[in-house]
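One structure is given here, and the rest of the page talks about it.
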Amino acid sequence: MPAQDVSIYDTTLRDGTQGEKINFSAEEKLRIARRLDEMGFHYIEGGWPGSNPKDIRFFEMAKEYKFRNARLTAFGSTRKAGTRAESCRNIKALLKAETPAVAIFGKSWDLHVTEILGITLEENLEMIRDSIAYLKKRDKEVIFDAEHFFDGYLRNPAYALKTVKAALKAGADRIVLCDTNGGTMPPELAEAVRKVAAVVPPQKLGIHAHNDCGLAVANTLAAVQAGAAMVQGTVNGYGERCGNADLTTVIGNLQLKMNRRCLPAESLRQLTNLSYYVSEVANVRPLPFRPFVGGSAFAHKGGVHVNAVAKRPEAYEHIRPERVGNHQRVLVSDLAGKSSIAFKAREFGIEMEDREAVSKKIVREIKRLEDQGFQFDAADGSLELLMRKITGAFQEPFTLQCFSVTNGKTGNHPSVCQATMKISVGDEVELTAAEGNGPVNALDHALRKALMKFYPQIAEMHLVDFKVRIVEGSEGTAAKVKVLLDSRDGQEMWSTIGVSENVIEASWQALVDSIQYKLSRDRLNKNEPQATEG
Ligand SMILES: [Zn+2]
């Protein structure tokens with residue numbers, strides 16, 4: 001059966017920025033828009049030019065860029081009550097964005113019309129008709145977002161349908177049914193979509209679902225099954241309250257499970273990368289449990305599963321991770337044997353053929369370190385470095401000569417920490433000092449400062465999490481601590497570990513591993529540009 005096409009409408013740059021802690025500058029928006037365009041997204045909603053100067057600036061900048069695949073879309077509302085479309089400020093701002101497509105939202109729930117806007121039901125229909133007809137006259141592709149459609153349909157189906165029919169008759173190219181409050185269940189939603197599909201041609205029908213019941217993706221897929229041919233959502237599901245439908249999951253499911261064509265196969269292989277990229281620009285930690293694209297999506301722990309996936313990956317994997325640019329991971333713990341190590345070596349791209357002795361040595365070393373409190377299933381970055389060191393596939397990027405950290409506190413003022421550090425790279429010695437709000441922060445600053453001139457790519461990486469735990473079975477003030485660091489750059493996230501009785505020493509170990517990991521990855525990627533994707 002040939003795949004049916006579904007258009008992907010991304011609203012990360014508009015609805016996504018309604019999410020808590022999600023903010024993009026106009027420049028960042030343009031970077032994301034270009035990335036989505038390159039991947040073949042069909043529509044990119046860039047913002048609401050009527051609502052803020054940043055979005056106006058984004059659309060100004062976007063005029064200089066030629067989108068190859070996507071239709072850039074400006075978002076706004078229907079005209080205000082009691083005005084005409086041609087004289088409405090919002091509609092003028094939409095036109096000024098000079099995009100090929102515009103999306104306007106209008107009310108489909110009678111409660112919003114009479115109780116919130118305080119206008120008559122007929123006036124609302126007229127606002128929809130007038131706004132769409134005017135924008136069509138100005139040669140725009142018009143997408144009508146039927147706001148609160150499903151809540152409205154449940155309470156007053158006749159009126160909800162009237163708003164949709166009014167939009168269609170006025171010339172709307174797409175009618176998008178919105179589950180604005182995210183409270184609709186999939187069977188009711190599908191039923192409503194089927195009813196609308198009887199009056200709106202399905203190729204014009206779209207879905208916009210919010211995730212307040214954890215059902216945004218399920219509702220989106222149900223709507224497609226019921227006839228919708230356009231899906232709206234955001235990368236990583238960013239959006240207000242519990243977010244929007246996560247397009248990485250929606251696309252994965254539509255394309256790999258439901259035989260609907262959304263993106264070219266080579267773009268599908270960039271899905272994991274896209275997810276990391278957008279969380280990087282948003283400066284939000286990537287969620288490891290995200291379906292398809294998360295770091296844990298294809299991670300296996302425990303001997304039986306590991307043996308099984310080694311024989312037949314489909315035993316515990318619903319798809320081959322490479323299809324979405326992800327990869328299989330094995331979480332190695334002290335239960336690990338040689339087969340897990342061989343597996344891990346393949347994952348890291350470390351040559352291990354016929355090296356029985358090396359493999360034994362690695363297992364011995366892991367067991368010894370885990371006995372001291374290291375925990376490698378939580379620190380893949382440190383594990384990869386350890387294996388590279390033992391197999392001889394590692395070059396020290398720098399050597400520490402010495403460091404010292406001081407912590408000063410005066411009265412009620414916060415503590416100030418200073419770190420001084422001497423390192424060498426080849427024959428060159430570098431001496432630096434830096435401040436921080438804590439000892440680890442000061443060390444991190446000093447080390448980066450010292451290394452920056454040798455390895456400028458360090459600027460791309462950030463620490464995203466820092467956890468200190470007591471090593472089990474070593475209670476008291478002389479207890480051992482383990483420090484776990486999560487770091488990321490635009491490509492991936494990695495975890496490293498350090499263990500010591502001294503929290504600064506443990507932090508230092510984890511910090512050095514993190515930086516060494518970043519530098520060794522960059523070196524590998526440079527040598528083998530094809531080798532890693534995601
Ligand atoms: Zn929304």
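Remember, it's 1-based here, ligands and their atoms both numbered in the order they're listed. Worth knowing before you read on, the calculation uses all heavy atoms, side chains too, and leaves out hydrogens, waters and symmetry mates.
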> Who pairs with S7 by side-chain contact (heavy atoms from CB on, under 4.5 Å), at least two apart in sequence or on another chain?
Replying inline: H42, Y43, R174, M230
>> As a quick check of understanding, evaluate ring-ring contact (aromatic ring centres under 6.0 Å, His included) for W48 and F105, giving each step before the final call.
In response: CA-CA 11 Å; W48 187 344; F105 72 92; 5.7 Å; yes
> Excluding waters, which protein N, O or S atoms are within less than 2.8 Å of the Zn ion (ligand 1)?
Replying inline: D15 OD2, H208 NE2, H210 NE2
> Who pairs with Y153 by ring-ring contact (aromatic ring centres under 6.0 Å, His included), at least two apart in sequence or on another chain?
Replying inline: F149
>> Assess whether a salt bridge exists between R84 and D130, defined as any Lys/Arg side-chain N lying under 4.0 Å from an Asp/Glu carboxylate O.
In response: yes
> Think K29 forms a cation-pi with F24, using NZ or CZ under 6.0 Å from the six-ring centre and within 45 degrees of its axis?
Replying inline: no
>> My understanding is that only residues two or more places apart in sequence, or in another chain, count here; which of them pass salt bridge (charged side-chain N to carboxylate O under 4.0 Å, His left out) with D513?
In response: none
